[in-house]
Structures are given as C-alpha cells and as structure tokens.
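Small disclaimer: the values here were computed from a predicted structure and weren't measured. Note that these values count all heavy atoms, side chains included, but never hydrogens, waters or copies made by symmetry. Residues: numbered from 1 along the sequence shown.
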Amino acid sequence: MSINILLAEDVHMIRGALIALLQLEPDLRVVAAVERGDIIVKTALEARPDVAVIDVDLPGMDGLTAAAELHEQLPSCRCLILTSLGRPGTMRRAMSAHVSGFLLKDSPPDQLASAVRSVATGRRVVDPQLALTAWDYPDNPLSRREMEVLRLAARGAEAAEIAGCLYLTKGTVRNYLTAIVGKLGARNRIDAVRIAEEAGWIP
C-alpha cells in the first residue's frame, strides 16, 4: 500500500525537489502540494493524506499552527515538520502541536522517506540531540497575550498599531512590552524579539 502525502513548502524550487525526492520511492505518493499554511487544512480535508510534511516557516499561517489545526480537523493524518533551524523552542512547540516527527532540512535525503514511513505507522521521529536540547531548554516565560504583542512587534508594528489590532490601549501595550523585555532579560524591544525568535517561541 502506498502512503499518501501532502507537502507544504513555500519555496517553489525546494517544493519541487522534495516532491521529486518523495516520488522516487515506490510506496510514497504526493497527492497535494501547497505553498501557504492557511490552506493546509482545507487541502488535507479534500486530499485525505496519510502524512503531511510541513515546513515551519510558511506565509498565511506558520507550519506548527497549521499542524495543530490539522490534528483537530483530520487526526488520521500525521504531521512531519521540516525546518532549517533546530531551535529548542520550535521543537517544544512542535510537541505541543501533536506532530509525529521533526526533521531538519539538512538531514540526509534518505531520512525523509524513512521518517514519512515511520510517522505513517504511528511512530515518532525526532533528532535525539535536538530532543535533549529542547528538554533542557527553559520554558517560555511569556503569557499568551504577551506573545501576541511581541509577534506584532516583531513584524515592525508600533504600540498604536498593536493596540488597534488587539483592542488594547497604547498604555497597556507599552506595559506589556516593558514586561516582555524584563521577563526575557532583554536590553530593549528589538533584543526581546531576537531572543524569542532564536528560542523558537515566535515563528
């Protein structure tokens, strides 16, 4: 029996290469390929794949958020996350999103096919060293609301714009930003964004 795969990757050349790589395997079949995170669930509900191979950094919706939604909407489809950066925070977010596998993009090509087969049978696939690093890494100290504020700040939004997006006052947003900088031990807002991105706490 063949394993049906949905592939989500926004870089056209990489997406094509991954499709070609997977199609070389006689038991693997790519039934859908998308370039945006916000159409993963809709496409999966139509194509009914066994495994979704999802890049972390996608436009529209990041891969981990899409994987969590896919787990809710189509629990029979298992998710294998691909990323170019093995950040501990990203790894921990992947675990909380109920993904079945986490693979670095610079892994040997044969590991991708092997990982797809493993997650399709219900096994977990995680790089051992990355798993140990994530286990030892501190928890994200920020609240959900602080994460929303910082995510918007990371996109270049000023306090007034953040306030409008989250239905808060500018003063409240400034208080959140001050708290975020303090919790992360950052020098300023830019440093706080850097710390959170490097930890994988914000996509």
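In this structure, Ile3 and Arg29 have side chains that are not in contact, with every pair of non-hydrogen atoms separated by 4.5 Å or more. Side-chain atoms of Glu25 and Leu22, non-hydrogen and from C-beta on, never get closer than 4.5 Å to each other. For the pair Val149 and Ile180, the minimum side-chain heavy-atom distance is below 4.5 Å. Side-chain contact check for Leu82 versus Leu112: some heavy-atom pair is nearer than 4.5 Å. For the pair Ile81 and Val53, the minimum side-chain heavy-atom distance is 4.5 Å or more. Side-chain contact between Ile5 and Val116 is present, with heavy atoms from C-beta onward closer than 4.5 Å. Residues Lys170 and Val173 fail the side-chain proximity criterion, which asks for heavy atoms closer than 4.5 Å.
Within 6.0 Å of atom CD1 in Ile190, 12 or fewer heavy atoms from other residues, nucleotides or ligands are found, so the atom counts as exposed in its surroundings.
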Show me the side-chain donor-acceptor pairs of residues 6-17 shorter than 3.5 Å, one per line, residues at least two apart or across chains.
from  : atom 1 : to     : atom 2 : distance (Å)
Glu9  : OE1    : Lys105 : NZ     : 2.9
Glu9  : OE2    : Val11  : N      : 2.9
His12 : ND1    : Arg15  : NH2    : 3.1
Arg15 : NH1    : Glu9   : O      : 2.7

Extract all donor-acceptor atom pairs below 3.5 Å that involve side chains of residues 66-77 and protein atoms in other chains or at least two apart in sequence.
none

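Ser118 contributes a side-chain N or O that, together with a main-chain N or O of Ser114, makes up a donor-acceptor pair within less than 3.5 Å.
Electrostatic pairing of Arg78 and Asp50 does not count as a salt bridge here, judged by no charged N lying under 4.0 Å from a carboxylate O.
Residues Ala153 and Arg189 share a closest heavy-atom pair of CB-CD, 3.9 Å. Scanning all heavy atoms of the two residues, the minimum distance from Arg174 to Ala159 falls at CG-CB, 4.3 Å. In terms of heavy-atom proximity, Ala44 sits nearest to Pro49 at O-CD, 3.3 Å. Minimum interatomic distance between Glu146 and Ala179 (heavy atoms only, all atoms of both residues): OE2-CB, 3.8 Å. Across every non-hydrogen atom of Leu152 and Cys165, the tightest pair is CD1-CB, 3.9 Å.
Between Asp38 atom CG and Thr43 atom OG1 the span is 9.5 Å, to the nearest 0.5 Å. Distance check, rounded to the nearest 0.5 Å: SG of Cys79 to CD1 of Ile54 gives 4.0 Å. Taking OG1 of Thr169 as the start and CG of Asn175 as the end, the distance is 7.5 Å to the nearest 0.5 Å. Interatomic distance, CZ of Arg151 versus CD of Glu197, reported as 11.0 Å (0.5 Å rounding). With rounding to the nearest 0.5 Å, the separation of CD1 in Ile40 from CG in Leu58 is 5.5 Å.
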Exercise for the section: Please test Arg117 against Arg123 for side-chain contact (heavy atoms from CB on, under 4.5 Å), starting from the C-alpha separation and ending with a verdict. Expected result: CA-CA 9 Å; Arg117 293 186 186 101; Arg123 295 196 296 271; 5.8 Å; no
Practice task
Verify side-chain contact (heavy atoms from CB on, under 4.5 Å) between Leu142 and Leu184, making sure each step is shown before the conclusion.
Solution key: CA-CA 8 Å; Leu142 304 180; Leu184 297 184; 4.2 Å; yes
Practice task
Assess whether side-chain contact (heavy atoms from CB on, under 4.5 Å) is satisfied between Phe102 and Thr83, documenting all intermediate values.
Solution key: CA-CA 8 Å; Phe102 193 87; Thr83 183; 3.5 Å; yes
Practice task
Give the intermediate values and the outcome of side chain to side chain donor-acceptor pair (under 3.5 Å) for residues Asp62 and Thr65.
Solution key: CA-CA 6 Å; Asp62 72 271; Thr65 301; 2.7 Å; yes
Problem - Worked check of salt bridge (charged side-chain N to carboxylate O under 4.0 Å, His left out) between Glu148 and Arg145 - result: CA-CA 5 Å; Glu148 291 172 343; Arg145 180 60 95 181; 2.9 Å; yes
Exercise for the section: Decide yes or no on side-chain contact (heavy atoms from CB on, under 4.5 Å) for Arg124 and Val119, but give the supporting numbers first. Expected result: CA-CA 6 Å; Arg124 284 188 178 274; Val119 300; over 6 Å; no
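Residues Met61 and Ile39 do not share a hydrophobic cluster, clusters being chains of Ile/Leu/Val/Met/Phe/Trp/Tyr side chains in contact below 4.5 Å. Under a hydrophobic clustering in which Ile, Leu, Val, Met, Phe, Trp and Tyr are joined whenever their side-chain heavy atoms come within less than 4.5 Å, directly or via other members, Val181 and Tyr176 fall into different clusters. When the side chains of ILVMFWY residues are joined at heavy-atom separations under 4.5 Å, either directly or via intervening members, Leu150 and Leu166 end up in a single hydrophobic cluster. If you chain together hydrophobic residues whose side chains sit under 4.5 Å apart, Leu80 and Val31 never meet in one group.
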